[in-house]
K.L.:
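I'd like to ask you about the structure that follows.
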Amino acid sequence: MLQGRAALVTGSTSGIGLAIAEALAGEGSQVMMNGFGDADEIEEMRSSMAKRHNVEVQYSGADLTESDQIEGLVDDAVSAFGSLDILVNCAGIQIIAPIDEFPIDGWDAMIAIHLSATFHTTRLVLPHMKERRWGRIVNMGSAHGLVASPYKAPYVAAKHGVVGFTKATAIEAGSWEITCNAICPGFVKTPMYDLQAEGLAVQEGRDVEEFIQEQVSTRHALPRIISVEEIAGTVLYLCSDAGRSVTGTTLSVDGGWTAT
Ligand code: NAD
């Protein structure tokens, strides 16, 4: 489906981003991976993905809190592939604390990685998409881009910002057949979710698995956690012909969380 296309997926060394990179490569797209982690493990992921799907896969360790490194990331992807057709902004972090105790550098990092980096990658990639008169931009929102929870105020603020930025991008870019949408997942089984759930369960002196089941079934109408493959499948839909008129919107993959 995506032969001849080139994609940049931020935050693709783990969790949702890694599944999206795999899915795009599986459809024949070239992929620029990005994110942190153990160098040998990342090289193993990169080379195995390239081999299994017979596509070019590159990796950049650019830190998305630094705008000059984001410029380097986009330049490297364009040099490697000739252009960029698909941009998935997926990198993320989570910090949980009350507003009046929230670390200031935590707020700065949250806004930088989720929101400012999305602005930077988009502004740098748009000229290449406009030139080819085709583009798919998918921003990783969250149920927290639509509703709030306590102790996640900077995350909620950043994700609401991502949803607003998604709408503005869609309106500006539509004339070039470029779509921009935000996927808003509920709880997805990833290292980020596990870390967060473990921390909260330990804090409350609870069994981790029991805590996860209770948290998920309290928020989701479908009382189960979501898989990374379900989010990757939604990205593929948005990149497919069937999704070509979907733009400027949020796609909730949240088990019914925001239906209430
Ligand atoms: P994860 O921790 O498994 O992956 C996060 C990725 O972002 C990693 O590759 C990490 O290296 C990268 N990253 C973090 N800081 C970075 C930086 N400064 N520069 C470059 N890369 C950086 O997390 P995940 O759960 O897969 O989350 C992916 C996205 O999905 C995030 O935007 C998150 O907010 C969103 N999301 C997750 C859930 C969930 O329940 N897991 C729910 C809704 C939304």
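When a ligand or atom number is given, it counts from 1 through the structure's own listing order.
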K.L.:
Which protein heavy atom lies closest to atom 18 (N) of ligand 1, and at what distance to 0.1 Å?
P.N.:
Asp63 OD1, 3.0 Å

K.L.:
Which residue and non-hydrogen atom of the protein lie closest to atom 34 (O) of ligand 1, and at what distance in Å?
P.N.:
Tyr155 OH, 2.6 Å

K.L.:
Can a non-hydrogen atom of Gly141 be found less than 4.0 Å from any atom of ligand 1?
P.N.:
yes

K.L.:
Tell me: protein heavy atom nearest atom 24 (P) of ligand 1, and distance?
P.N.:
Thr190 OG1, 3.6 Å

K.L.:
State yes or no: are the ring centers of Trp257 and His144 separated by less than 6.0 Å?
P.N.:
yes

K.L.:
Please state which protein non-hydrogen atom is closest to atom 14 (C) of ligand 1 and give its distance, to 0.1 Å?
P.N.:
Gly92 O, 3.5 Å

K.L.:
What protein heavy atom sits nearest atom 23 (O) of ligand 1, and how far away is it?
P.N.:
Met192 CB, 3.2 Å

K.L.:
Less than 4.0 Å is my threshold; does some heavy atom of Cys90 fall inside it relative to ligand 1?
P.N.:
yes

K.L.:
Enumerate the atoms of ligand 1 whose separation from the nearest heavy atom of Ala62 is less than 4.0 angstrom.
P.N.:
19 (N), 20 (C)

K.L.:
With a 3.5 Å distance limit and no angle check, can you tell me whether Glu230 reaches the backbone of Ser227 through a side-chain donor-acceptor pair?
P.N.:
yes

K.L.:
Determine the interplanar angle of the Tyr193 and Phe187 rings, folded into 0 to 90°, and report it as parallel if under 30°, tilted if 30 to 60°, perpendicular if over 60°.
P.N.:
tilted

K.L.:
Are His114 and ligand 1 in contact, using a heavy-atom cut-off of under 4.0 Å?
P.N.:
yes

K.L.:
Would you check whether Ala117 reaches within less than 4.0 Å of ligand 1, judged by its heavy atoms?
P.N.:
no

K.L.:
Applying a strict under-4.5 Å side-chain criterion to I, L, V, M, F, W and Y, I'd like to know whether Ile70 and Val125 cluster together.
P.N.:
yes

K.L.:
Show me the pairs that pass salt bridge (Lys or Arg N to Asp or Glu O under 4.0 Å) and involve residues 37-46, at least two apart or across chains.
P.N.:
Glu43-Arg46

K.L.:
Does ligand 1 have any atom that is closer than 4.0 Å to a heavy atom of Lys159?
P.N.:
yes

